[in-house]
Amino acid sequence: MKAVLLHGTDGSSESNWIPWLKQQLEKHDFEVYAPSLPNSAFPNGEEWSDFIIQNAPFKLDADTVIIGHSAGAALIPMLLQKLPTETKIKRAILVSGFYTNLDWEKLKDLQNVPVNYDEIKQKCNDFVLVHSDNDPYVPMEEPQELAKKLNGKLTVIKGQGHFNLGSSPKYKEFPKLLSIILKDDALQNLYLASSFRGVGVADMIMSDIEKLLGKPASEIRLSYITTAGNLHPADKREWIDDGRKILQKRGWQVFDYDIADKTESEVTAELADKDVIFVQGGHASICWNRYKNVILQRLLSAS
């Protein structure tokens, strides 16, 4: 997979969460192009689009995801408009996007590439818009109308401002966005087994996973979710040790992980570099009901 990351006004490839997202996507075997666009204080749609097309180190095609923030998001329809007619990318993700100049002098030259939205929709399989309900720069009407024009899906995250360091120092990272990018790109396989300890069961499952991942056992990193054990007395958790030994015997790298009291963002970020998630059993119904949201969120975004 390939990804293009586009910063906003007055930004660069080092702005906000761009460097972190580039690093995270590269861990997931993405080839990433995150340019510092010219004259970013006064973005020019035609200049920026031409710069990207001329300097991208790979072809923009059906394996490409383009992610833009603010003016970088507003640029995406114009960039697609300038691509060859036969070009079609996989997905476009517009964070804090807009389609007007917001009555801001700095943006007077941004929207200078005529856009035919009917044509644009033929150049991308999937448009996703991410916005906050309290963005101080971009009113909600902008992404709402843009979503209609692009036939895209609008995801609203409450209270996050412009998703930049001006909103919060936490926006050196953006785990939720990483989750959105990876959600539909992952090879997802869910094994449900009443017992992992049956004769031959573990070898069969682990062999299948190794083939799917295309990795030798020694390179597979597994997060071993032990949270179900929290609901049992300390001297009644032998199955956790037994399961770990089976996984380690195969040669996999096993990392214990307890998701109790973790937020969705913490789980997404902390499991991002794992190939496999193993949810160990126990008092399954109680554990599942209590922690299913964060488990499912990470399963959807796991590689």
Side-chain angles (χ1 to χ4, degrees), residues 1 20-21 23-30 173 175-176 178-303:
M1 287 296 296
W20 176 86
L21 184 59
Q23 182 182 59
Q24 294 300 314
L25 289 174
E26 287 173 341
K27 288 182 180 179
H28 287 269
D29 298 322
F30 277 71
E173 303 180 357
K176 180 66 175 180
L178 177 64
S179 177
I180 291 170
I181 296 168
L182 298 178
K183 181 175 180 180
D184 296 322
D185 294 323
L187 177 60
Q188 298 169 35
N189 291 276
L190 182 64
Y191 283 90
L192 298 178
S194 60
S195 175
F196 192 64
R197 291 180 287 179
V199 177
V201 174
D203 285 337
M204 176 186 69
I205 293 174
M206 297 171 81
S207 177
D208 283 349
I209 293 174
E210 289 164 6
K211 291 176 183 177
L212 288 168
L213 293 175
K215 291 185 175 183
S218 61
E219 293 183 7
I220 293 177
R221 296 167 59 84
L222 177 140
S223 184
Y224 189 54
I225 308 296
T226 62
T227 305
N230 297 349
L231 304 176
H232 295 259
D235 60 348
K236 301 292 184 180
R237 303 175 189 173
E238 65 280 353
W239 78 92
I240 290 181
D241 292 333
D242 291 345
R244 187 189 301 106
K245 289 175 182 177
I246 293 172
L247 294 162
Q248 291 173 329
K249 182 179 179 181
R250 182 84 182 187
W252 289 14
Q253 302 175 51
V254 179
F255 301 87
D256 281 19
Y257 190 65
D258 185 354
I259 64 173
D261 301 320
K262 298 282 188 178
T263 66
E264 178 180 319
S265 295
E266 287 173 334
V267 172
T268 299
E270 291 166 4
L271 300 186
D273 64 342
K274 304 302 187 294
D275 301 296
V276 179
I277 296 171
F278 186 107
V279 183
Q280 184 55 289
H283 202 314
S285 61
I286 294 176
C287 181
W288 179 253
N289 287 332
R290 184 174 299 180
Y291 301 118
K292 63 183 177 182
N293 288 337
V294 284
I295 293 174
L296 284 174
Q297 174 67 26
R298 180 59 192 122
L299 284 174
L300 286 172
S301 63
S303 60

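Heads up: numbering here begins at 1 and tracks the sequence. Because the structure is a prediction, the values reported are computed rather than measured.
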Any chance you could measure [X], atom [atom1], to [Y], atom [atom2], to the nearest 0.5 Å?
X: Lys27; Y: Leu178; atom1: NZ; atom2: CG; value: 10.0 Å
X: Trp252; Y: Ile209; atom1: CH2; atom2: CD1; value: 4.0 Å
X: Lys245; Y: Ile240; atom1: NZ; atom2: CD1; value: 12.5 Å

Requested in this report: Evaluate the ring planes of Phe278 and Tyr224, with Trp represented by its six-membered ring, and classify them as parallel (under 30°), tilted (30 to 60°) or perpendicular (over 60°).
Outcome: tilted

Query raised in the report: Which atom names give the shortest non-hydrogen contact between Ile259 and Thr227, and what distance separates them?
Result: N-OG1, 2.9 Å

Report task. Determine the minimum heavy-atom distance between Val254 and Gln248, stating which atoms define it. Result ->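 Shortest heavy-atom separation between Val254 and Gln248 comes out as CG2-CG, 3.7 Å.
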
Decide yes or no for [X] and [Y]: does some side-chain heavy atom of the first lie under 4.5 Å from some side-chain heavy atom of the second?
X: Arg250; Y: Ser207; answer: yes
X: Tyr257; Y: Lys274; answer: no
X: Asp258; Y: Ile225; answer: no

Report summary line: salt bridge (charged side-chain N to carboxylate O under 4.0 Å, His left out) filter on Glu26, not counting sequence neighbours, yields Lys22

Query - Chi angles and distances behind the side-chain contact (heavy atoms from CB on, under 4.5 Å) call for Ile277, Leu222 - result: CA-CA 6 Å; Ile277 296 171; Leu222 177 140; over 6 Å; no

Query raised in the report: Please walk me through it: do Met206 and Val276 pass side-chain contact (heavy atoms from CB on, under 4.5 Å)?
Result: CA-CA 10 Å; Met206 297 171 81; Val276 179; over 6 Å; no

Query raised in the report: Could you walk me through whether Leu25 and Leu182 pass the side-chain contact (heavy atoms from CB on, under 4.5 Å) check?
Result: CA-CA 9 Å; Leu25 289 174; Leu182 298 178; 4.3 Å; yes

Report task. Please check if the side chain of Arg237 supplies one atom and the backbone of Gly229 the other of a donor-acceptor pair under 3.5 Å. Result -> yes

Query raised in the report: Is there a donor-acceptor pair under 3.5 Å between the side chain of Asp275 and the backbone N or O of Ile220?
Result: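 A pair under 3.5 Å: no.
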
Report task. Walk me through it: do Asp256 and Thr226 pass the test side chain to side chain donor-acceptor pair (under 3.5 Å)? Result -> CA-CA 7 Å; Asp256 281 19; Thr226 62; 5.2 Å; no

Query - Full working for side-chain contact (heavy atoms from CB on, under 4.5 Å) between Ser218 and Gln253 - result: CA-CA 7 Å; Ser218 61; Gln253 302 175 51; 6.0 Å; no

